[in-house]
Engineer: 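My structure is below; once you've seen it, I'll send some questions.
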Amino acid sequence: MQELTLHLFERMGMLLILTFILTRIPLFRQLLDRKEMSGMRMFIYSGLFGLFGILGTYAGVVVENGESSSSFWLMRLTGEQALAHSALVGVVIGGLIGGPRVGIGGGLLAGAHLLYIGGATGLAGAIAVPLTGALAGGVARFFSQERVISPAKALFVGMFAPILLMGMILICAGEPDRAVELVNLIGLPMVLTNSISIAIFTTMLRVALTEEERAAAYETEKAFHIAESALPHLKQGLTYRTAQAVAALLLRELKTAAVAITDTERFLAHAGTASRTLDPGEEIQSDLTKSVIATGELRIIENAEEIQPRHPALGAAILVPIIEAGQVVGVIQFYFKRPEDIRRVELVMAQGLGQLISYQLGATAHEKMSHLMKEAELKLLQAQINPHFLFNTLNAIHSLIRTDPLLARHATMQLGAFMRLNVKVMASRRTTIREEMELLNAYLDIIQIRFEDQFAFQCQLDPALGELMIPPATLQMLVENSIKHGLRDKASGGVIQLTLSRAGDMAVIQLRDNGIGISPEVLDSLGDQPIIGSEGTGNGIYNINQRLISMFGKEARLIVENLAEGGCSISFSIPCSLSEGSRYREAN
């Protein structure tokens with residue numbers, strides 16, 4: 001038994017050397033990615049591990065009459081001969097990293113060879129080896145979270161496989177006593193050599209995996225370098241010139257067959273193989289490229305007929321979306337000579353570069369947006385805008401940049417419109433109701449972005465009174481007061497009504513809301529003096545009231561009252577005749 005064990009270890013050592021060479025092959029390393037395999041690729045891997053099992057058979061030792069033979073070359077066996085072999089190693093490894101179908105496929109090939117070799121163990125091996133491959137594949141699915149099963153678990157599986165074979169020898173044997181004697185002779189050596197060999201094999205695979213991860217880390221570092229080099233071009237936007245510069249940079253650093261960059265409709269640049277067959281501005285024809293633009297998901301092209309542009313040297317591609325402000329603005333296409341060239345490292349590199357470039361475009365857009373917001377802040381403060389309104393609006397835009405970039409863009413534009421109107425209105429001590437309504441509508445458009453469905457605004461104005469003069473920002477400040485204080489406890493269902501109607505020689509402006517109303521201790525003095533309390537300051541209402549009295553007299557003072565049905569009403573009356581307006585202009 002000791003001599004047999006040494007022979008098996010000696011021959012298995014040579015086989016493990018071949019295994020190490022196998023782990024250097026890119027086709028084999030693709031198995032570590034655990035990707036879905038096509039039927040052809042599964043057939044190739046089944047044949048590969050089946051061949052490995054056959055080599056394990058030839059690395060076996062012939063046993064006859066209780067003695068082991070040292071002959072290296074293996075011929076067909078007689079019924080008196082048996083074989084202690086390592087065919088199980090390749091089949092178990094195939095099942096562990098390729099799944100049940102690869103394990104069964106490799107097992108059938110290795111089992112058929114064992115049946116051909118014959119001997120006392122031929123039939124048992126033909127049955128046990130495919131079954132072992134299937135069971136190993138099932139174990140791999142059970143530990144699917146591990147890209148390569150740990151050596152300790154592999155050692156256990158490796159012990160189980162030859163035990164299963166020994167059981168099958170006992171079942172298939174015609175002479176039980178002779179079968180027991182054979183199992184006693186070859187059982188322990190095969191358990192030791194097969195289990196230890198499988199554990200060593202998985203260790204080699206984990207080493208290969210570590211090398212892949214180190215390579216991925218190196219490629220990630222390279223991706224950061226490329227992204228940093230591309231940043232000066234990207235800051236200028238995605239144009240034909242900047243796209244060509246970035247494509248040339250990617251081709252030089254990554255050494256792919258070619259690199260192309262598109263926007264959502266056409267090719268902007270192409271560098272490398274087939275550069276002369278594609279002109280900048282050519283429309284996108286590839287359905288897969290259009291799919292990437294529509295879905296924002298990375299795609300891999302493995303069929304040369306789906307590649308644009310067509311070229312004999314381009315057989316595969318990775319399509320990576322470029323995303324700015326949450327929307328796809330283009331695609332980076334990395335071309336390869338054949339699908340086998342797309343390893344996990346290349347895939348991670350392409351995906352990482354796409355994300356880095358997208359982040360940089362987003363950061364550039366955010367920087368431009370921040371610059372616009374800073375300009376807006378200065379202008380608004382110069383125009384005496386309520387700083388709380390400004391800060392809340394800027395905070396809302398800052399949040400929307402991540403969640404809803406289009407709405408953030410709209411809010412920024414409305415904020416700019418509000419600034420322009422506010423500067424225009426606040427430049428004078430008076431403004432028309434028409435101009436005041438433009439300012440109010442711009443304010444409401446911004447404020448309803450923040451409060452969404454918290455309240456509805458209803459307005460009924462007599463168009464004939466649109467040219468009447470009032471103090472600037474009067475309506476906007478009254479509406480702001482209703483939102484901040486009257487409706488502060490209403491999460492939804494709030495209503496603000498603004499009416500402007502004629503009553504004789506006077507124009508009556510009334511603002512109503514269905515909020516919490518005003519406490520009685522504040523109500524009597526509101527507008528006559530600044531109020532500081534739990535409901536906020538009354539400076540706004542006080543200032544509006546004093547400006548109205550200064551412009552039109554005490555008849556124009558604010559009338560503030562709580563409504564019986566709930567809420568508050570603020571109203572004032574101003575002269576609607578031209579003579580009254582003339583007296584005001586003459587006084588100023």
Side-chain angles (χ1 to χ4, degrees), residues 1-19 49-93 106-133 135-136 155 157-201:
M1 182 182 298
Q2 182 179 2
E3 182 181 358
L4 175 61
T5 304
L6 291 175
H7 278 308
L8 286 174
F9 270 123
E10 177 187 353
R11 298 185 181 187
M12 197 62 218
M14 292 185 289
L15 196 59
L16 287 174
I17 294 174
L18 294 176
T19 301
F49 286 105
L51 179 60
F52 194 89
I54 292 174
L55 290 177
T57 300
Y58 281 108
V61 177
V62 177
V63 177
E64 184 175 5
N65 297 323
E67 298 292 332
S68 59
S69 171
S70 60
S71 174
F72 187 79
W73 187 250
L74 184 65
M75 306 295 292
R76 294 192 65 180
L77 306 180
T78 66
E80 300 298 322
Q81 296 174 316
L83 184 66
H85 56 79
S86 302
L88 296 170
V89 175
V91 175
V92 169
I93 293 298
L108 288 173
L109 182 58
H113 180 259
L114 282 171
L115 186 62
Y116 167 77
I117 292 294
T121 57
L123 178 60
I127 299 173
V129 174
L131 184 59
T132 300
L135 293 175
L155 184 66
V157 176
M159 293 173 63
F160 175 78
I163 291 174
L164 177 62
L165 175 60
M166 295 304 109
M168 197 60 62
I169 290 174
L170 293 175
I171 293 173
C172 297
E175 302 178 19
D177 293 338
R178 186 180 173 193
V180 170
E181 182 181 351
L182 177 62
V183 168
N184 289 334
L185 178 63
I186 70 173
L188 184 58
M190 285 191 64
V191 168
L192 289 174
T193 55
N194 280 266
S195 58
I196 293 175
S197 297
I198 291 172
I200 294 174
F201 200 144

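Values reported hereafter were calculated over all heavy atoms of this structure, with side chains retained and with hydrogens, waters and symmetry mates removed.
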Engineer: Please confirm whether the backbone N or O of E64 pairs with a side-chain atom of E67, one donor and one acceptor, at under 3.5 Å?
Structural biologist: no

Engineer: Taking all non-hydrogen atoms of both residues into account, name the closest pair between P162 and M190 and its distance.
Structural biologist: CG-O, 3.9 Å

Engineer: Please check if atom CD in E181 has more than 12 non-hydrogen atoms from other residues, nucleotides or ligands closer than 6.0 Å.
Structural biologist: no

Engineer: Are the side chains of L109 and F49 in contact, using a 4.5 Å heavy-atom criterion?
Structural biologist: no

Engineer: Checking side chain to side chain contact (heavy atoms under 4.5 Å, CB included) between V180 and each of V183, L182, N184, which is the one that passes?
Structural biologist: N184

Engineer: Looking at side-chain heavy atoms only, is the closest gap between P176 and L170 below 4.5 Å?
Structural biologist: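 They are not in contact (no side-chain heavy atoms under 4.5 Å apart), so the answer is no.
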
Engineer: Taking only distance into account, with no hydrogens and no angle test, what donor-acceptor pairs under 3.5 Å do side-chain atoms of residues 118-129 form with protein atoms, sequence neighbours excluded?
Structural biologist:
residue: T121; atom: OG1; partner: L83; partner atom: N; Å: 3.4

Engineer: So which of L165, N194, I186, I117 actually passes side chain to side chain contact (heavy atoms under 4.5 Å, CB included) with H85?
Structural biologist: L165

Engineer: First locate atom CG of L108, then atom CG of L115, and finally report the distance between them rounded to the nearest 0.5 Å.
Structural biologist: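 Answer for the CG-CG pair, L108 versus L115, is 11.5 Å.
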
Engineer: Rounded to the nearest 0.5 Å, what's the gap from CD1 on I200 to OG1 on T193? Could you check?
Structural biologist: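 So the CD1 of I200 and the OG1 of T193 are separated by 10.5 Å.
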
Engineer: For A87 versus T57, what's the shortest heavy-atom pair and its separation?
Structural biologist: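 Answer, listing the atom of A87 first, then T57: CB-OG1, 3.3 Å.
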
Engineer: What is the minimum heavy-atom distance between R178 and G79, and which atoms define it?
Structural biologist: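 Of all heavy-atom pairs spanning R178 and G79, the closest is NH2-O, 3.4 Å.
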
Engineer: Using 0.5 Å steps for rounding, measure from the OH atom of Y58 to the OG atom of S86.
Structural biologist: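 It is 14.5 Å, given to the nearest 0.5 Å.
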
Engineer: Can you check whether F201 reaches V89 side chain to side chain, under 4.5 Å on heavy atoms?
Structural biologist: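 Heavy-atom side-chain distance check passes, below 4.5 Å.
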
Engineer: Identify the heavy atoms of Y116 and R76 that sit nearest to each other, and give their distance.
Structural biologist: O-NE, 2.9 Å

Engineer: Quick one: CG on L164 to OG1 on T132, what's the gap to the nearest 0.5 Å?
Structural biologist: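 Output value for this atom pair is 4.5 Å.
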
Engineer: Locate the shortest heavy-atom distance separating G107 from P130; write the atom from each residue and the value.
Structural biologist: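 Minimum heavy-atom separation between G107 and P130: O-CG, 3.4 Å.
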
